[in-house]
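What follows is a short report on a single structure.
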Amino acid sequence: MLSQRCDALISAFVLTLYYVGVVAVPDSDFVTMGDLRRSRRVPSHSLRPGGMSVDGVGFQYTIRYQPGFHLHKVAQQQAEDGMDGGGGGGEMPPAMTEAPMPMPTPPPEPGPLDPDEPEPTIPMRPTTSPTEAPPSPPATDMMMMMPTPSSAPGMMSSPSPRPTMRPSVPTPPFSTKAPGMRPHRPPLKNFLFGSPIEANLILKKPNAPRSKGKGFLSLFEVIKFPNNKCSVSMGDIRSMEGVCYHEFECKSLGGIPTESCAEGVGVCCVFVNGCGDVTSQQILYFESPNYPQAVREMMICVLIINVKKGVEQLRLDFQMFELSRPTNGDCLDDQFIVSGHNSNFQIPVLCGINTGQHIYIHVGDSSESKVYLSVFVKVSGGGRSFNIKVSQLEDNLAPNNCLQYFTEGEGIVKSFNYDADGSIVDNREATYFNNLNYAICLSRLKNVCSVSYNTEQLGGDQPDFQIVNKDEAENDLISDGQAGAGIFNCPDDFIAINSVPLCGERFNDGRETDDFTMHATVRDTAAGPIILPFRTDAEYVGRGFRLLYRQELCV
């Protein structure tokens with residue numbers, strides 16, 4: 001019984017679509033329809049009445065629009081086929097001709113059906129019928145007529161009524177060559193009254209202009225803005241930089257939306273990455289696990305950065321960098337290693353305390369478009385923590401092969417692991433590293449002819465300036481508490497200013513004063529780029545340097 005009711009529902013729905021989409025406005029564009037679905041699959045059927053086709057697989061139906069193919073042409077072709085090859089000796093059934101009308105007329109009162117009038121066949125899912133047909137009640141509005149095949153070829157027997165819970169569906173108009181009849185269609189509410197089916201039928205006027213939009217997005221104006229850099233304040237602790245994105249886009253990229261940007265349309269999106277991440281963001285923060293908590297276990301932490309097209313350099317700002325101190329100038333317990341950069345550019349292995357320092361990674365001539373930032377913690381115990389800001393640069397570049405680059409008119413330059421006190425790392429002796437060979441560069445400002453350097457006297461257990469050189473007998477080439485200048489005094493470990501190597505425990509090149517037991521101002525008056533090379537060997541190390549520089553205008 002349930003299967004029979006489903007068959008009736010499908011028949012009513014198909015005829016509803018037929019009447020609304022074809023008979024009511026025969027020249028209209030039939031745009032869309034709902035569909036019914038059942039899991040059971042049955043052979044597909046096809047019905048092509050007047051400008052639409054119905055393909056069914058189970059209870060799934062699709063409506064296709066075929067322009068210029070109307071019902072009266074189908075009826076005319078069927079009538080001609082009946083005259084030529086029908087099994088009635090050339091006689092035709094009682095003729096009715098459908099004259100297409102702009103508006104349907106109200107339906108006539110139900111009456112007796114002509115048993116000789118053929119009816120269109122509606123594709124139905126095969127069902128199991130009872131052995132005995134139920135008695136035929138009179139045709140009413142609560143009936144649906146189902147055609148049954150006749151034993152005589154080309155003829156249809158009287159339809160057997162089948163009870164249904166749906167309102168009656170009138171027989172679709174059938175056309176022949178005889179004039180005088182018009183199709184009748186009941187109001188749409190008679191079809192859908194009490195129905196659980198929601199059908200969305202959209203009819204367009206025949207002469208209505210078509211929309212030239214490319215979809216529903218054409219109804220909205222997409223607000224676009226450049227993905228520029230932005231910054232957000234984290235209270236009194238620090239400020240962070242990000243990229244201006246739509247909030248949805250920020251979250252989809254794995255970022256953290258913060259303050260608004262682009263006049264309130266976007267948000268400043270901050271990207272924080274950790275061990276094992278792969279990223280291609282323009283600005284990101286590489287943090288140790290559970291930052292700012294210290295790491296006290298052995299660890300291998302690698303971040304892979306996909307370098308964007310057009311990027312020449314990466315800048316790393318060590319906002320927090322505390323690893324274990326080096327041992328006699330070598331990073332043995334902890335190591336920070338950069339790989340994937342240009343082959344002719346050296347980046348030292350770093351460890352110790354380097355908070356506030358920065359380095360540039362040159363990638364313009366790199367054979368691969370990936371940079372690997374690796375942190376190796378080989379000994380458990382103690383504490384380590386890092387937060388490194390990574391920026392991909394297409395402009396505002398450092399000069400070629402400069403590991404550090406300062407663009408301000410004044411500031412501080414210092415060697416790696418110079419600071420004696422740390423917040424996490426044990427306060428062991430601060431020293432620079434073995435086997436260093438890198439350049440510190442300054443951007444020369446307009447109307448600048450010289451740069452002055454001075455060491456700041458911070459005090460403490462270690463000298464403020466200390467670069468060590470020894471001879472083969474391990475004797476100091478420069479006595480304690482004195483300054484060394486020149487290639488003979490500073491052959492292995494030195495920082496060069498004005499092309500003069502400087503070392504010892506005092507910062508003095510002898511130009512301001514010849515008392516090498518005192519610190520003095522060292523002035524670079526050379527033309528061209530401002531470069532401070534720093535070199536060390538593999539044997540002896542000292543505290544390093546911390547210099548205050550100031551660019552001076554031409555007199």
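This one's a predicted model, so the numbers in the text were calculated from it and none came from an experiment.
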**Asked** Which side-chain hydrogen bond (donor to acceptor under 3.5 Å, both in side chains) pairs, counting each pair once, include a residue from residues 500-513, with sequence neighbours left out?
**Response** Q466-E505, E512-R523

If I compare all heavy atoms of [X] with all of [Y], which pair ends up nearest, and what's the gap?
| X | Y | value |
| --- | --- | --- |
| A294 | G383 | CB-CA, 4.1 Å |
| L502 | A485 | CD2-CB, 3.9 Å |
| Q482 | T517 | CG-CG2, 4.0 Å |
| V349 | C331 | O-SG, 3.8 Å |
| N489 | N469 | O-CB, 4.0 Å |
| L553 | K446 | CD2-O, 3.9 Å |

**Request:** Go through E456 and I412 one step at a time and tell me if the side-chain contact (heavy atoms from CB on, under 4.5 Å) criterion holds.
**Result:** CA-CA 10 Å; E456 292 185 312; I412 295 175; 4.1 Å; yes

**Asked** Partners of F534 by ring-ring contact (aromatic ring centres under 6.0 Å, His included), sequence neighbours excluded?
**Response** Y432, Y438, F545

**Request:** Could you walk me through whether C402 and C441 pass the disulfide (SG to SG under 2.5 Å) test, one step at a time?
**Result:** CA-CA 6 Å; C402 290; C441 302; 1.8 Å; yes

**Item:** Neighbour count >12 (heavy atoms, 6.0 Å) for atom CG, N475
**Value:** yes

**Asked** When you check the side-chain N and O atoms of E322 and S385, is any donor under 3.5 Å from an acceptor?
**Response** no

**Message:** Could you check whether N306 and S280, counting side-chain N and O atoms only, form a donor-acceptor pair closer than 3.5 Å?
**Reply:** no

**Message:** As an exercise, state the distance from CZ of R543 to OG of S415, rounded to the nearest 0.5 Å.
**Reply:** 8.0 Å

**Request:** Give, for atom CD1 of I388 and atom CZ of F286, the distance between the pair rounded to the nearest 0.5 Å.
**Result:** 6.0 Å

**Message:** Can you list everything that forms a salt bridge (Lys or Arg N to Asp or Glu O under 4.0 Å) with E247? Sequence neighbours excluded, please.
**Reply:** K251

**Request:** List in chain and number order the residues that pass salt bridge (Lys or Arg N to Asp or Glu O under 4.0 Å) with K470, two or more places apart in sequence or in another chain; answer none if no residue qualifies.
**Result:** D476

Taking the side chain as C-beta and beyond, is there a heavy-atom pair between [X] and [Y] under 4.5 Å?
| X | Y | answer |
| --- | --- | --- |
| V541 | T536 | no |
| I495 | Y453 | no |
| V371 | V363 | yes |

**Message:** With a 6.0 Å cut-off on the ring centroids, do F386 and F336 count as close?
**Reply:** no

**Prompt:** With ring centroids as reference points, do H358 and Y405 lie under 6.0 angstrom apart?
**Reply:** no

**Message:** Can a donor-acceptor pair be found, under 3.5 Å and without considering hydrogens, that links the side chain of Q551 to the backbone of S443?
**Reply:** yes

**Item:** Donor-acceptor pair, side chain of Y285 and main chain of E241, under 3.5 angstrom
**Value:** yes

**Request:** Report the residues that fulfil side-chain hydrogen bond (donor to acceptor under 3.5 Å, both in side chains) with N454, sequence neighbours left out, ordered by chain and then residue number.
**Result:** T521

**Request:** Kindly indicate, with the supporting measurements, whether the criterion disulfide (SG to SG under 2.5 Å) is fulfilled by C268 and C261.
**Result:** CA-CA 6 Å; C268 190; C261 59; 5.9 Å; no

**Message:** Using disulfide (SG to SG under 2.5 Å), reason through C244 and C230 one step at a time and then give a plain yes or no.
**Reply:** CA-CA 6 Å; C244 194; C230 56; 5.6 Å; no

In residues 311-318, what donor-acceptor pairs under 3.5 Å come from side-chain atoms, sequence neighbours left out?
from	atom 1	to	atom 2	distance (Å)
Q313	OE1	A398	N	2.9
Q313	NE2	H362	ND1	3.3
Q313	NE2	A398	O	2.8
R315	NE	D317	OD1	3.0
R315	NE	D317	OD2	3.1
R315	NH1	Y360	OH	2.8
R315	NH2	D317	OD1	2.9

